[in-house]
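Treat the numbers as computed from the prediction; the structure is a model and nothing was measured.
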Amino acid sequence: MRSNTVILWVLAVFCLVVGAIYTVWNLIDPEYGRVEWAGTVTLTLTAVLAAFLAFYLELVQRKQGGTLPEDSLTADIDDGDPEIGHFSPWSWWPLMLGGSAAVVFLGLAGNFWLSIIGVVFLVVSVVGWTYEYYRGNFGR
Amino acid sequence: MNYATRAPKINRPNTVAVGTIVWLGSEVMFFAGLFAIYFTLRSVAPELWEHNTALLNVPFALVNTTILVLSSVTCQFGVFAAERLQARSTGPKPSQWGMVEWFFLTYTLGAMFVAGQIWEYATLVSEGVTIASDAYGSAFYLTTGFHGLHVAGGLIAFLLVIGRAFAVKNFGHKEATSAIVVSYYWHFVDVVWIGLFLVIYFLQ
């Protein structure tokens, strides 16, 4: 994780520098002579993207109080085998959510009444997915 | 017997939280595209900006911005309650509130922001600024509109998280995690709005 943070900081600085060069180059170009906003904004915000991730990973790193087994040369395989979280083995809900979103956008492109029907399915899928492990056998 | 030294006990990064942050990184780039559209159109058609920005109601937008920023504050108090694993209030005082009460307050403030924006849109449309009127209208409604859709999505997310708190008998770390990642999203959308406000209303 340490190396992830370093790489992202390097990327942030790189994009910032390139963004500055891009802006200045456009300004001094005798044929253009003004800021080209699409490139300047995108390069600067790419720097923000990398810095944002680096900053967050650094916070996580500080909070974890030690080196992750995958970062440690002396760790055993089973040191890196804790409970990582809850992962659904399978679910129909993502498929249904994707299908309902497709119906909504089909309605936007064609006839709007189709979107209204699609939104109903969309609501059912979102609620179904969010609460899949909160009801029935999984209620707690 | 020869054993390797055990790795020290560590708190593994929460995969849901890190994943949410990575996704928010991609959202940065989504809004980067919208900002790029806005600035590019502004640089090629300054006369449209001169004409249309005069119609903006800056004091109203400032009040609306304040409401959204306050909603981020109340959202964070909800997160503090979720981190104490306290779903519901233990008394009427805000210091005794649980996550559910804070998130309902946040929802109300967020809904006020969206309602304010709809009112602003209606006013601007009545003054002739529509998404199809000119490049300024397109840029204005695309940037603020996509942001508004994000706020509306966040409102739905708040309701789903509140629903999870009601669905379980014991509010645990899994529920707290969903509250925390929704707050990440909400703060992100708030920061994007501050950027949009500075660009559209302040910088004009």
Item to check | Heavy-atom closest contact (A/Val60 atom, B/Pro13 atom, distance) | outcome: CG1-CB, 3.3 Å
Checklist entry - Does CZ in B/Phe146 sit with more than 12 non-hydrogen atoms of other residues, nucleotides or ligands closer than 6.0 Å? => result no
Next on the checklist: Quick check: closest heavy atoms across A/Thr46 and B/Met29, and the distance to 0.1 Å?
Outcome noted: OG1-CE, 3.2 Å
Checklist entry - In terms of heavy-atom pairs under 4.5 Å, which option from A/Thr44, A/Val48, A/Thr40, A/Val41 contacts chain B the most? => result A/Val41
Item to check | Option from B/Phe35, B/Phe39, B/Tyr38 for which ring pair (Phe, Tyr, Trp, His ring centres under 6.0 Å) with A/Trp37 holds | outcome: B/Phe39
Checklist outcome for this item: Cut-off 4.5 Å, heavy atoms of chain A, and the answer for B/Thr177 is neither
Next on the checklist: Please check if the number of heavy atoms outside A/Phe105 that lie under 6.0 Å from its CZ is greater than 12.
Outcome noted: no
Next on the checklist: Quick check for you: to the nearest 0.5 Å, what is the distance between A/Tyr134 atom OH and B/Phe166 atom CZ?
Outcome noted: 14.0 Å
Checklist entry - With chain A, which of B/Ser178, B/Ala17, B/Gly172 has the greatest number of heavy-atom pairs at distances under 4.5 Å? => result B/Ala17
Next on the checklist: Counting neighbours of CE on B/Met112 that are heavy atoms of other residues, nucleotides or ligands and sit closer than 6.0 Å, is the number greater than 12?
Outcome noted: no
Checklist entry - Just wondering, more than 12 heavy atoms not from B/Phe202 lying within 6.0 Å of its CZ? => result no
Checklist entry - Would you find more than 12 non-hydrogen atoms of other residues, nucleotides or ligands less than 6.0 Å from A/Trp92 atom CH2? => result no
Next on the checklist: Applying side-chain contact (heavy atoms from CB on, under 4.5 Å) to A/His86 and B/Lys174, what does each step give before you reach the verdict?
Outcome noted: CA-CA 9 Å; A/His86 169 82; B/Lys174 193 183 170 192; 4.0 Å; yes
Checklist entry - When only pairs under 4.5 Å are counted, which of A/Thr42, A/Leu68, A/Val35, A/Leu57 shares the most heavy-atom pairs with chain B? => result A/Leu68
Checklist entry - Do you know which two heavy atoms are closest between B/Ala36 and A/Ala38, and how far apart they sit? => result CB-CA, 3.7 Å
Checklist entry - Should we say atom CZ of B/Phe60 is surrounded by more than 12 heavy atoms from elsewhere, each under 6.0 Å from it? => result yes
Item to check | Working for side-chain contact (heavy atoms from CB on, under 4.5 Å), residues A/Thr130 and B/Arg164 | outcome: CA-CA 8 Å; A/Thr130 312; B/Arg164 276 191 168 182; 3.7 Å; yes
Next on the checklist: I need the A/Phe55 CZ to B/Ile21 CD1 distance, nearest 0.5 Å.
Outcome noted: 9.5 Å
Checklist outcome for this item: Under 4.5 Å to a heavy atom of chain A? For B/Leu24 that would be both
Checklist entry - Within a reach of under 6.0 Å around CD1 of A/Ile77, are more than 12 heavy atoms found that belong to other residues, nucleotides or ligands? => result no
